[in-house]
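This report concerns only the one structure given below.
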Protein chains: 2
Amino acid sequence: MNTSAHNLTIQQVAEATGLSVHTLRYYERIGLIHPIDRAQNSHRRYSQDDIGWIEFLMKLRATGMSIQDMQIYAHLQRQGDCSLPERVAMLTQLEAEVEAHIRELQEHQKLLRHKIKYYGSLLTAPEREAS
Amino acid sequence: MNTSAHNLTIQQVAEATGLSVHTLRYYERIGLIHPIDRAQNSHRRYSQDDIGWIEFLMKLRATGMSIQDMQIYAHLQRQGDCSLPERVAMLTQLEAEVEAHIRELQEHQKLLRHKIKYYGSLLTAPEREAS
DNA sequence: TTACAACTTCGAGTGCACTCGAAGTCAAGG
DNA sequence: CCTTGACTTCGAGTGCACTCGAAGTTGTAA
């Protein structure tokens with residue numbers, strides 16, 4: 001089973017993922033993405049596996065992981081199975097940070113809702129102001 | 001009732017809020033904070049109300065609001081009650097974004113937990129690898 | 001009186017994560 | 001043959017949100 005057919009141009013990957021072609025080349029340059037296979041004309045050809053990896057990277061970014069930590073993670077990934085413990089450690093750490101971040105956002109959301117409600121009440125029954 | 005006693009130096013506010021003195025002056029410079037009252041020696045003296053406002057600003061930042069939007073909000077606040085509708089609109093918009101962000105984080109958290117569990121299982125019962 | 005710390009303004013510098021522009025190659029279409 | 005357009009590399013530029021350093025003033029303590 002060949003899960004790595006090389007069929008997509010950088011343009012197509014940009015459209016599929018929402019990253020710009022600039023960002024795709026940038027990610028490769030800094031080692032977030034392994035050197036992508038090339039067609040005879042030296043153009044990049046992305047496999048489905050490549051897309052999967054890029055989408056995973058985007059999720060890491062969206063959780064707030066820094067580019068630097070993603071570089072470390074990508075490097076570990078390339079080491080193969082022997083790096084599993086470190087990767088699990090990184091993901092576990094990240095998961096905890098995401099959990100904390102969610103809780104913080106929920107707190108702030110409460111305040112926003114409270115303020116919206118209060119300000120709203122001032123609008124319908126006017127003439128006063130405080131916090 | 002005077003809720004605006006002027007008693008805190010910039011240093012004390014920095015310690016109380018966790019912002020740096022640089023950032024406090026920066027926020028004032030760009031209009032996020034109104035011009036703080038001064039002691040005779042021209043040193044800033046922050047009131048409890050000022051602290052309250054700064055803490056609110058920090059919460060807006062933590063939800064992801066940009067400095068630019070915070071400038072707009074601060075400006076509206078200074079207009080007084082007549083700006084309430086706009087402020088409610090901004091807060092409502094922000095609340096929706098926070099809601100969406102929380103959901104996104106929860107999705108990514110699910111994936112992280114899944115990966116951690118799967119990689120963990122590889123560690124105890126070794127020799128295989130996939131997604 | 002002299003040292004020191006904390007404050008002041010101002011403009012410049014930093015780090016991050018892109019984002020872009022220049023200059024060149026190459027293949028297909030008219 | 002010539003144009004068009006998608007690709008290539010490389011280094012430089014951008015925008016955001018701080019962050020810092022220099023140079024000066026002031027108030028207290030030894």
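For the numbers below, each heavy atom of this structure counts, side chains included, while hydrogens, waters and symmetry mates do not. Throughout, protein chains are lettered first and strands after them, A, B, ... in sequence-line order, and every chain is numbered starting at 1.
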Report summary line: Taken to the nearest whole Å, CG/A:Asp37 to C1'/D:dT8 is 16 Å
Report summary line: Which of D:dC7, C:dA6, C:dT9 is nearest the side chain of B:Arg38? It is C:dT9
Query raised in the report: Do the charged groups of B:Glu28 and B:Arg25 touch, with an N to O distance under 4.0 Å?
Result: no
Requested in this report: Begin from the C-alpha positions of A:Leu24 and A:Ile54 and carry the test side-chain contact (heavy atoms from CB on, under 4.5 Å) through to its verdict.
Outcome: CA-CA 9 Å; A:Leu24 284 168; A:Ile54 290 164; 3.9 Å; yes
Report task. Would you please say whether a donor-acceptor pair under 3.5 Å links the side chains of B:Arg38 and B:Ser42? Result -> no
Query raised in the report: Does the side chain of A:Ser42 get closer than 4.0 angstrom to OP1 or OP2 of C:dT25 through an N or O atom?
Result: no
Query raised in the report: So, are B:Glu99 and A:Arg113 salt-bridged, with charged N and O less than 4.0 Å apart?
Result: yes
Query raised in the report: Hey, is the side chain of A:Arg44 poking within less than 4.0 Å of OP1 or OP2 on D:dT8, counting only N and O atoms?
Result: yes
Query raised in the report: Between D:dG27 atom P and B:Arg45 atom CZ, what is the distance in whole Å?
Result: 10 Å
**Report entry** Residue among A:Gln48, A:Met58, A:Gln77 satisfying side chain to side chain contact (heavy atoms under 4.5 Å, CB included) with A:Trp53
**Finding:** A:Gln77
Report task. Ignoring hydrogens and angles, state whether a donor on the side chain of B:His75 or B:Gln79 is under 3.5 Å from an acceptor on the partner side chain. Result -> yes
Query raised in the report: In B/S/- notation, 5' to 3', how is nucleotides 17-26 of chain D contacted by protein heavy atoms closer than 4.0 Å?
Result: BBBB-----S
Report task. Rounded to the nearest angstrom, tell me the gap between atom CD in B:Glu28 and atom P in C:dC10. Result -> 11 Å
